[in-house]
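Just so it is clear, the structure is predicted and the values come from calculations on it, not from any experiment.
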Amino acid sequence: QASVLNVKESKASERTIVVAGLPVGLNDQLLTTLVKIHFEDTDNGGGIVEDVTYPTRTKGAAYVTFKEKTVAENVVRKKKHCLADMVGYAQLTVSHFSDKVFSSVMAVLDLSVFRSQIRLESLVMDLKREIPTLCLSPLDANGRISVQGTFLAIEKLKEFLLLKASFLLEKNRSGQSPRGSTRRNSHSLKPPRSLTPETTKKGESLVLDTDTFLYLKKKRKVYESTLRKFHVLCEETVDGEVTTLCIKNAQGGSQPNNEKQVKEFIEKYSHALHFELRKETFILEGKEDKEKKNIKLACEQLSSSYLQVLVNFYKTHIDVIGPPSDTYLFKKDVMEFIRQKVR
């Protein structure tokens, strides 16, 4: 617990930079060493490196923490960084660690699953309009498209596609032609009501990202207090990355407007919360029993010191969800805990 407090008091995030553009395929330990050497070189504006976190959830990105805040600022000020003469030529992108923005993320989307429901060109136009900060490649004949953007932009893309799929599903179930009219108010994020099971058609339904919902339910008292305040019940159906809520009055027939008010409140609150959170994942599958035990033990012990972090334990992995700076520091402390156990 002392190490956690020390890290928080020293404001490690102010001394940390995000390094993107690292070559993929090299030995992790070798690349970590090369990164440390590069950023300890005074010719690169560097200084004493306290820690290098690599690999991370972002492919080709690392977190570098310096002993002094001024060194981090000097490194970011230096425009060009590359690992030339070490691993060929690797142009690096360096930025301050931020609670809001992380290094650029690249992904390839297969939009062909939407082909029978909507013209893919129209879907791409919707994406460009909805998330203007995304960079999109031309759509290929197979329905694939490359996207690049910040972590938050990619998260917004995920939410947009989930809602679009839900909207098209409603169109199919209601007998309307999905190609007829798929335009929606770009500011409206209300998911279709017909996604609720047949036995729960009455009431209001809402589709949420599962990680966001679990954090809302377990870490924010406002969820339960709102249900009590408006005298409503909420049936929760978790299906992988999507959770469907069916909101109904606790007393049938009384004040039906309560259901709608609760739905709108949860919808707006969770939408704002979605973009405040970051998820880190510890993979357990394929690791030795001793290593799994150490990871679980570290997460259990540290969770009491990070009150804003939600730790979800699964058979194959552990998800850590919370504010970006908290999840970063939590993961860093877990790795330090494991290193001490190995010694």
Side-chain angles (χ1 to χ4, degrees), residues 3-4 18-20 22-33 35 51-63 102-110 113 144 147 151 154-155 157-159 161-162 165 208-219 236-244 274 277-306 308-343:
S3 64
V4 176
V18 181
V19 182
L22 294 170
V24 178
L26 290 181
N27 176 275
D28 291 347
Q29 189 59 51
L30 172 61
L31 195 55
T32 299
T33 301
V35 168
D51 184 63
V52 177
T53 302
Y54 184 85
T56 65
R57 286 190 73 227
T58 303
K59 195 173 183 179
Y63 301 134
F102 287 82
S103 54
S104 179
V105 179
M106 295 186 66
V108 177
L109 297 180
D110 185 354
V113 294
R144 292 184 174 84
V147 298
F151 175 80
I154 297 298
E155 284 290 281
L157 169 65
K158 172 185 170 183
E159 183 178 83
L161 292 176
L162 284 173
L208 300 176
D209 172 81
T210 294
D211 291 329
T212 304
F213 169 70
L214 291 176
Y215 191 90
L216 170 64
K217 183 178 180 180
K218 297 180 180 181
K219 286 294 179 180
E236 305 153 2
T237 305
V238 178
D239 183 14
E241 294 186 353
V242 176
T243 294
T244 303
H274 181 84
L277 300 176
R278 178 174 174 79
K279 179 170 75 171
E280 294 286 354
T281 300
F282 293 99
I283 303 299
L284 301 178
E285 197 170 22
K287 297 186 183 298
E288 295 181 0
D289 290 342
K290 184 178 180 180
E291 188 175 0
K292 289 181 184 178
K293 183 178 179 181
N294 285 338
I295 294 174
K296 289 179 180 178
L297 182 62
C299 290
E300 288 169 354
Q301 292 190 5
L302 289 168
S303 60
S304 62
S305 299
Y306 285 86
Q308 296 301 312
V309 170
L310 173 66
V311 183
N312 291 325
F313 294 87
Y314 301 97
K315 186 176 180 180
T316 58
H317 64 283
I318 298 173
D319 283 339
V320 179
I321 305 167
S325 58
D326 287 59
T327 53
Y328 166 73
L329 294 174
F330 184 95
K331 184 173 184 178
K332 185 178 176 183
D333 280 342
V334 168
M335 301 307 292
E336 179 59 30
F337 181 97
I338 295 171
R339 281 195 288 267
Q340 290 177 359
K341 284 286 184 181
V342 173
R343 288 173 190 167

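Neither side chain, His317 nor Thr281, offers a donor N or O lying under 3.5 Å from an acceptor on the other.
Side chains of Ile321 and Leu214 form no contact here, defined as non-hydrogen atoms less than 4.5 Å apart. Side-chain contact between Asn294 and Glu291: absent, with no pair of heavy atoms (C-beta onward) separated by less than 4.5 Å. At a threshold of 4.5 Å between non-hydrogen side-chain atoms, the residues Glu285 and Tyr314 do not count as touching. Side-chain contact check for Tyr54 versus Val19: every heavy-atom pair is 4.5 Å or farther apart. Inter-residue side-chain proximity for Val320 and Val334 is flagged as unmet; no heavy-atom pair is nearer than 4.5 Å. Side-chain contact check for Tyr63 versus Val52: every heavy-atom pair is 4.5 Å or farther apart. Using a 4.5 Å cut-off on side-chain heavy atoms (C-beta onward), Leu297 and Phe337 make contact.
Not counting sequence neighbours, the partners of Glu236 by the side chain to side chain donor-acceptor pair (under 3.5 Å) test are Lys217, Tyr223. By the ring-ring contact (aromatic ring centres under 6.0 Å, His included) test, Tyr215 is found to be paired with no residue, residues two or more places apart in sequence or in another chain being considered. For Asn312, the side chain to side chain donor-acceptor pair (under 3.5 Å) criterion is met by no residue, not counting sequence neighbours. With sequence neighbours left out, Glu288 forms a side-chain contact (heavy atoms from CB on, under 4.5 Å) with no residue at all. With sequence neighbours left out, the side chain to side chain donor-acceptor pair (under 3.5 Å) criterion links Lys158 to Asp209. Taking Thr32 as the reference, nothing meets the side chain to side chain donor-acceptor pair (under 3.5 Å) condition, with sequence neighbours excluded.
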(request) Determine, stepwise, if the pair Leu302 / Val309 fulfils side-chain contact (heavy atoms from CB on, under 4.5 Å). (result) CA-CA 10 Å; Leu302 289 168; Val309 170; over 6 Å; no
Report task. Show your reasoning for whether side-chain contact (heavy atoms from CB on, under 4.5 Å) applies to Asp211 and Leu277. Result -> CA-CA 9 Å; Asp211 291 329; Leu277 300 176; over 6 Å; no
- [ ] Tell me, with the steps shown, if Gln29 and Thr33 meet side-chain contact (heavy atoms from CB on, under 4.5 Å).
- [x] CA-CA 6 Å; Gln29 189 59 51; Thr33 301; 3.9 Å; yes
request  = Please step through side-chain contact (heavy atoms from CB on, under 4.5 Å) for the pair Tyr328 and Thr53, ending with a clear verdict.
outcome  = CA-CA 10 Å; Tyr328 166 73; Thr53 302; 4.2 Å; yes
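When all heavy atoms of Ala62 and Leu22 are compared, the closest pair comes out as CB-CD1, 3.6 Å. Contact detail for Thr327 and Gly322: the closest heavy-atom pair is CG2-N, 3.2 Å. Listed here is the closest heavy atom pair of Lys331 and Pro55: NZ-O, 4.3 Å.
Atoms CG and CG, from Leu162 and Leu208 in turn, are 10.5 Å apart once rounded to the nearest 0.5 Å. Separating the NZ atom in Lys293 from the CD1 atom in Ile338 is a distance of 13.5 Å, to the nearest 0.5 Å. Taken from CG in Asp326 to CG in Leu310, the straight-line distance is 12.5 Å, to the nearest 0.5 Å. Interatomic distance, Cys299 SG to Glu280 CD, rounded to the nearest 0.5 Å: 11.0 Å. Taken from CD in Glu336 to CG in Asp51, the straight-line distance is 7.5 Å, to the nearest 0.5 Å. Of the inter-residue distances, the one linking Asp289 atom CG with Leu284 atom CG reads 10.5 Å to the nearest 0.5 angstrom.
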